[in-house]
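For the numbers below, each heavy atom of this structure counts, side chains included, while hydrogens, waters and symmetry mates do not.
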Amino acid sequence: MIATILPGSSNFHAVGYNERKVSKGVARLIEILNFGFTGTLGRPTPEELRDHLINYSASNGRIKKAQFHVAISCKGHEMTEEELLDFAHQYLKEMGYMEPGQPILVYSHYDTENTHLHIVTSRIDPNGKKIDHNNERRRSQEAIAKILGQDNKNQVKIDFEKATQYTFNSFAQFKAVMSTMGYEVYQKDDTAFIKKGGKVRMKVPLADFNDLYKYGATDRARARQLRSILKKYRDTCADKEELKKEMKAKFGVDIIFFGKKDKPYGYILVDHSTKSVFHGARVLAVDELIDFSTPQERFDRIEAFIDNLFTINPKITQGEIFDKLRRQGAYIKKGVIYFNGQTRPLKQFMVDALERNNRIEWVEKFHPVTDAERDLLCKLGKGTQSDLVSLSSSRNSDYANSLSRLQDIFNDPNISDVRTGIRNDGFIIKTDGDNTFAIDFQRHVIINLTDEGFDLSRLQRQPQSQKTKKQQKQKQSPLPGIRKLRDAGAGHGENREWEVGYKGNYDRIDDASSLKR
């Protein structure tokens with residue numbers, strides 16, 4: 001049950017506010033007390049109601065804003081209109097507004113999901129005296145508690161015990177839990193104060209909270225689930241207030257925002273279903289949470305953001321854009337923008353620019369310092385334009401070590417096949433014009449062997465000796481199921497061309513000139 005005391009007024013503008021609701025069909029005047037007339041057409045006009053209250057209040061000219069306007073509402077529809085009207089009568093009596101002769105208007109509103117009444121009367125009693133307004137808001141809460149038969153002292157202990165059952169790891173998160181129960185919590189010196197209805201209900205030493213904090217107990221699976229739910233319902237809600245209602249009604253999750261109403265700087269999630277509290281930033285960034293744009297608008301913003309990045313840095317790569325987009329929960333893959341489970345193709349000129357820049361980045365990773373090195377790498381990089389690649393003023397950090405390893409291989413007399421030795425060390429050999437290069441694609445190192453003075457003759461393949469060829473041939477396995485034939489005659493070896501003809505050319509067997517003489 002909530003009673004909200006609204007601002008006062010000298011001209012009783014609350015009458016006009018409620019009557020406009022009546023004219024729109026979302027409110028009804030359900031009670032009119034002590035006005036003493038029925039109106040010109042059977043029902044007083046808004047002007048007649050307002051004027052009567054102004055004239056009634058004129059009996060005490062010292063009171064400039066005599067309007068008393070209060071809204072009383074219950075949770076959902078747990079009370080009928082009649083039950084809430086009876087509660088309103090008791091409330092007005094406790095607050096001093098039910099003396100005989102006190103003019104009262106009661107309106108029932110139907111434009112929200114909970115039953116609620118608006119009451120308009122004067123702060124002047126029938127004897128012309130001002131009705132006590134000292135500590136009005138505190139007395140209002142006490143009146144509600146008295147009517148409902150609540151024992152606030154015991155209730156705060158019960159609610160405090162409930163709050164301690166939640167998983168939280170900071171005083172701010174505990175405050176969030178208590179706020180969902182209608183409490184205000186603050187700390188001063190070494191004490192936590194728990195306040196409700198304008199009155200401190202409980203004091204707790206801050207040291208007592210040390211045993212209540214549950215560090216490292218965040219349910220990450222639930223956090224990921226809440227992230228998906230928040231993003232889904234954000235896209236179907238008009239603003240954060242509607243999102244709060246949806247999350248509370250459908251999932252039992254309260255969203256507590258911090259900062260200005262229109263520009264919060266953070267939030268906390270209180271998940272009543274699992275009795276867990278989550279730091280909002282670890283679930284979904286607050287800027288993303290309150291981004292109630294349409295998916296089309298979000299993609300337009302992302303594309304404009306990428307376009308702006310190209311303006312700032314025409315050579316920006318996909319990896320660099322990825323780091324920038326990560327904060328927005330978006331990324332690019334194969335020319336497609338991915339965001340919030342949806343996709344949209346990137347404009348073709350941006351796709352082409354990214355492919356070009358990715359190739360340029362690949363070439364520049366080798367830190368080419370000469371035109372010859374750059375030109376070869378551009379050829380290997382799918383035809384990258386060499387004039388777009390910047391020459392480096394310094395070598396790759398692995399260049400000196402790589403150069404030393406190559407020199408060791410070239411200068412080692414025990415290595416007969418230098419080309420194979422280089423390949424085993426991660427290099428490949430490429431020749432371009434008059435220059436020969438060794439390239440390590442894994443370490444992004446290119447070495448111009450010609451400029452560095454290497455003995456390039458060592459790269460020539462060495463002819464195999466006759467003995468080596470014979471040994472290799474002996475090692476070859478015969479075909480399965482076929483035994484190796486032995487020579488019929490001794491001393492001729494295995495190459496008996498005079499018996500079988502020239503490499504299987506049977507036509508020459510009948511040619512007498514082919515016979516060995």
Side-chain angles (χ1 to χ4, degrees), residues 231 234-235 284-285 287-288 291-399 402 426-448:
K231 292 174 71 173
R234 174 204 61 191
D235 293 343
L284 186 66
D287 290 340
E288 190 174 353
D291 181 7
F292 296 99
S293 306
T294 64
Q296 180 69 29
E297 290 171 336
R298 294 194 187 100
F299 275 114
D300 288 344
R301 276 207 312 267
I302 292 171
E303 202 164 65
F305 177 74
I306 296 172
D307 194 22
N308 189 49
L309 291 177
F310 273 110
T311 301
I312 297 171
N313 178 15
K315 291 175 68 174
I316 193 167
T317 64
Q318 182 165 310
E320 291 170 323
I321 290 178
F322 179 88
D323 290 337
K324 301 285 187 181
L325 288 179
R326 183 172 53 186
R327 298 177 183 178
Q328 301 183 35
Y331 65 94
I332 297 174
K333 183 179 181 181
K334 295 183 178 179
V336 177
I337 304 173
Y338 291 80
F339 178 73
N340 198 23
Q342 297 179 316
T343 62
R344 189 168 91 176
L346 190 63
K347 291 181 179 178
Q348 189 58 43
F349 80 89
M350 292 185 183
V351 174
D352 295 340
L354 282 177
E355 291 179 352
R356 177 200 66 201
N357 291 348
N358 289 340
R359 293 196 299 270
I360 293 173
E361 180 195 37
W362 179 82
V363 172
E364 291 183 347
K365 281 183 179 179
F366 288 83
H367 292 260
V369 298
T370 66
D371 291 340
E373 293 171 355
R374 177 181 61 184
D375 292 345
L376 174 59
L377 290 170
C378 285
K379 292 176 183 178
L380 297 176
K382 298 181 180 180
T384 305
Q385 290 179 246
S386 59
D387 59 336
L388 298 177
V389 177
S390 300
L391 290 177
S392 178
S393 60
S394 60
R395 289 294 186 182
N396 185 297
S397 60
D398 286 324
Y399 186 89
S402 298
F427 288 89
I428 66 165
I429 301 299
K430 289 287 182 181
T431 300
D432 188 42
D434 296 332
N435 295 294
T436 300
F437 300 87
I439 305 173
D440 185 337
F441 290 102
Q442 184 175 358
R443 298 183 181 90
H444 297 100
V445 175
I446 182 169
I447 297 176
N448 190 329

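- When each of Asp398, Leu391, Asn396 is tested with His367 by the rule side chain to side chain contact (heavy atoms under 4.5 Å, CB included), just one qualifies, namely Asn396.
- The CG atom of Leu377 sits 11.0 Å away from the OG atom of Ser386 when rounded to the nearest 0.5 Å.
- The shortest non-hydrogen separation linking Val389 to Cys378 is CG2-SG, 3.8 Å.
- Electrostatic pairing of Arg395 and Glu373 counts as a salt bridge here, judged by a charged N lying under 4.0 Å from a carboxylate O.
- Remark: Ile306 CD1 to Thr311 OG1 distance equals 12.0 Å, nearest 0.5 Å.
- Ring geometry for Trp362 against Phe441 counts as parallel: the plane angle stays under 30°, on a 0 to 90° scale with 60° as the upper cut.
- Pairing each heavy atom of Leu376 with each of Phe437, the nearest pair is CD2-CD1, 3.3 Å.
- Using a 4.5 Å heavy-atom threshold, the side chains of Leu380 and Ile439 count as touching.
- Atom CG of Leu325 is separated from atom CD1 of Ile302 by 6.5 Å, given to the nearest 0.5 angstrom.
- Closest approach of Asp432 to Lys379, counting heavy atoms only: OD1-NZ, 2.9 Å.
- Taking CG from Asp375 and CG from Asn435, the interatomic distance works out to 10.0 Å, rounded to the nearest 0.5 Å.
- Here the straight-line distance linking atom CZ of Phe292 with atom CD of Glu297 works out to 13.0 Å at 0.5 Å rounding.
- Using a 4.5 Å heavy-atom threshold, the side chains of Lys324 and Asn308 count as separate.
- Residue Lys430 qualifies as open at atom NZ: its count of foreign heavy atoms under 6.0 Å is 12 or below.
- Checked by atom type and distance alone, the side chain of Glu288 never pairs as donor or acceptor with a backbone atom of Ala285 at under 3.5 Å.
- Under a cut-off of 6.0 angstrom, the local environment of CG in Asp371 is crowded, with over 12 non-hydrogen atoms contributed by other residues, nucleotides or ligands.
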Verdict with supporting geometry, Arg301 and Asp291, side chain to side chain contact (heavy atoms under 4.5 Å, CB included): CA-CA 12 Å; Arg301 276 207 312 267; Asp291 181 7; 2.4 Å; yes
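- Judged purely by atom type and a 3.5 angstrom limit, Glu364 uses its side chain to pair as donor or acceptor with the backbone of Ser390.
- For the residue pair Glu361 and Asn357, no side-chain donor N or O sits within less than 3.5 Å of a side-chain acceptor on the partner.
- Residue Gln348 qualifies as enclosed at atom CD: its count of foreign heavy atoms under 6.0 Å is above 12.
- Ion pair Asp300/Arg344 flagged as a salt bridge, since at least one NZ, NE, NH1 or NH2 atom sits closer than 4.0 Å to an Asp/Glu carboxylate oxygen.
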message: As a quick check of understanding, evaluate side chain to side chain contact (heavy atoms under 4.5 Å, CB included) for Tyr399 and Ser394, giving each step before the final call.
response: CA-CA 10 Å; Tyr399 186 89; Ser394 60; over 6 Å; no
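- Asp307 places no side-chain N or O within 3.5 Å of a backbone atom of Glu303 that could act as its donor or acceptor partner.
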- request: Could you check Ile332 against Phe322 for side chain to side chain contact (heavy atoms under 4.5 Å, CB included), going step by step and ending with a plain yes or no?
  value: CA-CA 7 Å; Ile332 297 174; Phe322 179 88; over 6 Å; no
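- The shortest side-chain heavy-atom distance between Arg298 and Gln342 does not fall under the 4.5 Å cut-off.
- Taken from NZ in Lys334 to CD in Glu355, the straight-line distance is 11.5 Å, to the nearest 0.5 Å.
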query: Should Arg359 and Gln385 be marked as a side chain to side chain contact (heavy atoms under 4.5 Å, CB included) after you check the CA-CA gap, both sets of side-chain angles, and the distance that decides it?
result: CA-CA 9 Å; Arg359 293 196 299 270; Gln385 290 179 246; over 6 Å; no
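- Contact detail for Val445 and Phe366: the closest heavy-atom pair is N-CD2, 3.5 Å.
- Classification of the Tyr331-Tyr338 ring pair by plane angle, with boundaries at 30° and 60°, yields parallel.
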